[in-house]
Each structure stands twice: as structure tokens, then as C-alpha cells.
Amino acid sequence: MAAAKQARTNPRQLANDVVDSLDIDDLASSVEVAGPGFLNIRLRDDVLGERIANSPLIEKDPTPLRVVIDYSSPNLAKEMHVGHLRSTVIGDAVSRCLELIGHTVIRQNHIGDWGTAFGRLIAYLDDLDDPSAMAAELADIERLYVHASQRFESDAAFADRARSKVIELQSKEPRAMSRWEHVMALAREHMSDIYARLDIALKPGDIRGESAYNDDLAPLIEELENHEGLVSESEGALCIFMPQFKTKAGDTQPMLIRKSDGGYLYHTTDLAALKYRTETLHADRVMYFTDARQILHFEMLFAAARLGKLVNENTSLEHHHFGKILGGDGKPFKTRAGDNILLRDLIDEAIERSTQTIETKNPDLDADRRADVIDAVAIGAVKYADLSKNRLHDYTFDWDEMLAFDGNTAPYLQYAYARISGIFEKGEVNPTDCKVPPVLNTAVEHQLAVHLLRFQEVIEQVATDAKPHYLCAYLYELTVRFMRFYEQCPILSETGSTKDGRLTLCARTGATLKTGLATLGIRVLTTM
RNA sequence: GCGCCUGUAGCUCAAUGGAUAGAGCAUUGGCCUUCUAAGCCAAGGGUUGAAGGUUCGAGUCCUUCCAGGCGUGCCA
């Protein structure tokens with residue numbers, strides 16, 4: 001119908017012409033025109049069956065790209081909280097998806113490890129004479145942050161010392177740097193622990209924080225100033241004015257790259273990072289996962305980077321933003337006191353709730369498998385709840401919903417996988433040995449087979465649009481179709497090619513579920 | 001003020017300009033001597049915030065309005 005629009009002809013007539021000239025008897029058992037001009041092609045069962053048995057799950061992209069993915073990137077002056085969850089989980093899933101189809105993914109954890117907040121932490125530690133008091137503060141970075149912030153608000157002399165610590169850091173004063181290293185080691189340890197618990201693929205080697213670009217900022221400003229008319233001074237600050245960004249009065253809105261006091265801003269650091277990603281990492285595509293409040297920042301960043309020739313013309317610069325996580329009241333998800341919910345507390349609660357559910361639903365579970373099941377269900381539920389929604393919208397965080405075993409949830413998909421595993425265990429069959437094409441003589445088998453073969457296109461769609469919920473919707477629909485098949489079609493009690501073919505369907509479904517969930521960063525279970 | 005985003009079933013969410021706007025939860029009613037009932041099947045539930053417009057075709061694109069959120073020069 002899109003073709004008909006281009007050709008300005010009647011879509012139904014064009015569809016009829018296509019059917020008449022089509023010769024695909026070797027693939028399709030019937031082709032017919034429906035509605036305003038749809039082509040309904042029914043694939044031959046023998047063709048479907050052959051592909052289920054023998055085609056690869058995923059074919060790699062013939063033109064692999066170097067993709068830099070900037071995600072998670074927490075500010076480490078304080079502990080990771082629920083505000084970091086979406087970037088971390090969504091960026092991780094998209095990274096795995098791009099790797100799955102053969103792209104070279106370079107993860108960049110652009111952590112906040114520099115700036116005013118660290119001046120406060122260091123000044124606070126300096127004020128503590130007692131080594132044991134200092135050790136106690138360092139054992140809990142969140143507490144250190146809260147204490148330092150409170151002091152900063154209430155004590156003007158302290159605030160001045162905190163500001164001077166920032167200057168000391170910038171000039172690499174050894175004592176301040178040593179304290180900073182100390183705090184960062186602690187913060188990185190905390191971050192790694194959260195990633196491990198959430199099963200996030202980010203590793204220490206992926207960290208390249210704001211501080212990594214410190215020495216690049218002054219030369220970068222010089223480089224930009226060499227572009228005629230790009231950089232100008234206004235009210236003591238260095239700015240880039242771009243006519244497409246207007247203020248209320250119709251003036252051009254500036255992008256500040258150096259403050260009037262000589263300090264740099266996140267615009268500057270991000271420009272330096274883009275230069276690094278182009279020149280050193282040789283990125284074909286740069287993807288950012290941050291919340292929607294930064295839309296304007298990235299529009300300016302990309303426009304300025306192009307004007308300043310910091311990136312290649314054909315480098316794709318993409319800001320993939322997302323909405324907020326809301327509590328049940330429609331307001332941002334916070335504690336009752338109004339504080340950010342820490343990720344370690346969120347994970348603890350997920351484990352607690354998962355434990356309760358598993359104990360009720362399956363009290364007979366083997367003790368040695370129990371902890372593993374509880375963990376996979378808890379973490380899978382939290383991640384899937386986020387990934388299964390269109391990231392552009394806000395979403396409501398609901399424990400009961402995400403941990404339910406029915407509906408579009410991780411536990412439902414994990415349960416399907418456990419059922420499949422049960423078949424192979426009971427039948428004493430190795431799924432990788434299943435090569436007999438299924439016959440597909442029932443409607444549910446045909447529908448399962450058709451859906452199985454769409455995995456590739458869904459993965460490609462996620463890689464293009466950076467929207468993991470397409471994959472979730474696909475896997476959920478796959479599971480629904482499998483469950484129908486499972487209810488209606490006996491497997492192990494059958495014999496011959498019917499049994500073997502149905503085992504092939506189970507094997508392919510299991511492999512698709514396992515790979516699909518792994519792409520989302522979620523584990524499958526052989527027993528639940 | 002200006003800019004961006006959002007508004008779909010009682011609730012939580014889908015719908016990539018296409019067919020009768022779909023799922024789950026909740027509600028009601030079925031299905032376990034048979035591979036995990038943590039499951040499956042069925043029923044009811046809609047003026048897609050409002051009004052115009054473009055199109056063979058609009059939840060989707062355009063205009064205006066309503067409601068909410070976010071951003072809008074020295075934080076990130």
C-alpha cells in the first residue's frame with residue numbers, strides 16, 4: 001500500500017497485479033488479497049518446519065558497525081538510586097542486542113566523578129581528625145554525601161572550604177587528589193556490586209568518567225575558537241550561539257562551554273567525550289541513554305559537535321531518552337520520606353518479595369536451587385518491568401504486577417522455559433540433537449512456528465530503534481503461543497516423527513527464549 | 001512567555017500511517033487419573049482528552065484548544 005501511494009494507484013488493484021505476477025509456490029501455500037490491499041501469504045508448513053529445524057537463530061549483520069553506547073553513567077558522589085535504573089537496564093539490553101547481531105559495542109560508563117559535589121566530600125573528610133570516624137564515613141558513601149551536604153548548607157565557612165577543594169582538585173593538589181582517589185575507589189566498589197547483583201555487563205574497563213577529560217577541555221576550547229564565528233563571549237562566559245535555539249524573547253539561546261570563573265560545564269565534557277569517541281574509539285554510531293530532561297542538552301551538543309567538526313559527517317549521534325519511574329500515586333517513585341530509593345534497597349526488597357512468592361508457590365523446591373531461583377526471578381522481574389514498556393513514557397512501578405506469574409512478566413517467561421526444560425529432562429533428550437522438522441498439522445503448531453521465525457526481524461528492530469520493549473512483546477507472544485501448544489499437543493507420549501518434530505518446536509522455543517532473555521540481561525531457569 | 005514530552009478499557013500497558021484499536025490485572029464462568037494448574041479456554045468492558053484538517057485509510061501526521069509533566073545562561 002505504501003508502494004501504491006508512491007505510484008499513485010489504487011492499492012487493491014496493485015495488490016492484485018502483484019499476486020498475478022508472483023511465483024512463490026515453493027514458499028507459500030496460498031496468497032490472497034485482503035481488505036484495502038493487504039497480501040495474506042500462508043507459508044507452506046514443510047518450508048516452515050525445515051527452517052525451525054535447521055536455520056540459525058540469528059544471522060549477523062553483514063556490515064558491522066563500531067557502536068559507542070553511553071549508559072548508566074551515575075554520579076558517584078552519592079550512592080546509586082532508582083534514578084539510575086532505567087539508563088542502566090535499557091542501555092545494557094540494547095548493548096547486548098547490538099552485539100548479538102554482530103556489531104562491535106564499546107560501552108562507556110561516563111560516571112560523574114568530578115565537580116562541586118566532590119569538593120564537599122573531601123572538605124568533610126578533611127575536617128575529621130579521627131581515623132576511625134573517617135573510616136566509618138567511607139564505609140557508607142551515601143551517609144558521607146548526606147553529612148557533607150548538610151554541612152555545606154548550614155556552614156558558610158565549610159562551603160568556602162568545599163569550593164576551594166574543587167580548585168585544589170583541578171590543580172591536582174596531592175592531598176586532595178589522594179582523598180579523591182580514596183572516595184572514588186569506594187564508589188567504584190559500590191557500583192560494581194550493584195552491577196553484579198543486577199547482572200549488568202558493564203565492567204571497570206568501561207568506566208571513562210568526567211575526570212578522564214579534564215586535560216582535554218582547555219585544548220578543546222582552543223580548537224573550537226579556531227572555527228570562525230563559532231565561539232563568542234557573553235557576560236564573561238564562553239558560549240556557542242546557534243540560531244535554531246531560541247529563548248522567549250526570540251534571542252538565541254547560548255550553549256555555555258566555559259563559565260565566567262573559568263570552570264567548565266557538562267557541555268564541555270560531553271563535547272570532549274564525543275571527540276574522543278570519534279578520534280580514538282572510531283565510532284560509527286554513538287548512543288546515549290539518559291532521561292528526557294536532557295533532550296535540549298543533547299540537541300545542542302550534537303549540533304555544536306557538527307559545527308565544530310568534532311565528529312565525522314556520517315557518524316550517527318543518537319539520544320535515546322526515557323520517562324520517569326512513578327510510584328502508585330502518579331508521582332516520582334520515592335521513599336515515604338521523599339528520598340530517592342537506593343538501588344541496594346530496591347534489590348533487597350525484590351529478593352524479599354521473590355522469596356515470599358517462591359515459598360508460597362513452590363515450597364518443595366530443592367534447597368540448593370532455591371536461592372538461584374529467587375535471585376533470577378527477583379532481578380528478572382525488576383528489569384523486565386522496565387524493559388517491557390515503551391521507554392518514551394513514564395511508567396508506574398508496581399511490585400505485585402512485576403512479580404506476578406501471569407501476564408507480560410519475566411516470571412511468566414521463565415516459567416515457560418522451565419516447562420520446556422522439564423520436557424527434555426523427563427524425556428531424556430538433548431535439545432541440541434533435535435533436527436527433525438515439525439509437521440505442524442495443528443493450528444497452534446503452525447502459529448508457534450510462524451512466530452519463532454520472526455526473531456531476527458525483532459532483534460534488528462530493537463537494534464535500530466533502541467527499544468527493548470519490542471523484544472519483550474515478541475517473547476511474551478511467543479510464550480503465549482507456546483503455552484497453547486503445550487496444553488493442546490502431547491509430546492513425550494507421542495511417537496515417531498510427531499514426537500520428534502514437536503521436540504524440535506520445544507527446542508527452538510527454548511533457544512529463542514534463552515537467547516532473547518539473555519539479550520535483555522535476564523536469566524532463564526531449568527526449574528522453578 | 002517560548003520550547004519539548006505525555007493523554008488509549010476501572011487499573012497497568014501495547015498498537016513501526018493500514019484490516020473489526022489489542023494484551024494482562026480485576027470481574028464472571030469453564031478445564032488437572034495425562035510432559036510443572038506459577039498454566040489453558042471463554043465472556044463482558046472503548047466517542048483513543050476535545051474540535052477541525054490532510055489521506056483510499058489517522059490512536060499515529062498537521063492546526064487550535066484542554067489537562068499534566070519537563071526544560072528554558074554560569075548544576076549534571
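In what follows, every heavy atom counts, from backbone to side chain, and hydrogens, waters and symmetry copies are set aside.
- Comparing the P positions of B:rU16 and B:rC75 gives an interatomic distance of 42 Å, to the nearest angstrom.
- For RNA chain B, runs of at least 3 consecutive pairs of the Watson-Crick or G-U wobble type, with both hydrogen-bonding distances under 3.5 angstrom, map to B:1-7 with B:66-72, B:10-13 with B:22-25, B:27-31 with B:39-43, B:49-53 with B:61-65.
- Note on A:His393: a side-chain N or O is less than 4.0 Å away from OP1 or OP2 of B:rG7.
- Few gaps surround CD on A:Gln244; more than 12 heavy atoms of other groups in view lie less than 6.0 Å from it.
- Under the rule for a side-chain hydrogen bond (donor to acceptor under 3.5 Å, both in side chains), A:Gln170 has no partner lying at least two apart in sequence or in another chain.
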Exercise for the section: Decide yes or no on side-chain contact (heavy atoms from CB on, under 4.5 Å) for A:Leu224 and A:Leu271, but give the supporting numbers first. Expected result: CA-CA 10 Å; A:Leu224 292 172; A:Leu271 283 168; 4.2 Å; yes
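- The base of B:rA19 sits with one of its N or O atoms less than 3.5 Å from a complementary donor or acceptor on the side chain of A:Asn40.
- You'll find a donor-acceptor pair under 3.5 Å spanning the side chain of A:Ser234 and the base of B:rG73, going by distance alone.
- B:rG44 and B:rC2 have their C1' atoms separated by 48 Å, given to the nearest Å.
- The phosphate of B:rC35 (OP1 or OP2) has no side-chain N or O of A:Lys499 nearer than 4.0 angstrom.
- Atoms NZ (A:Lys361) and P (B:rU36) sit 18 Å apart, rounded to a whole Å.
- Between A:His267 and the phosphate of B:rC74, there is no side-chain N or O to OP1/OP2 separation shorter than 4.0 Å.
- Scanning atom types as modelled, no donor and acceptor separated by under 3.5 angstrom connect the side chain of A:Tyr415 and the base of B:rA38.
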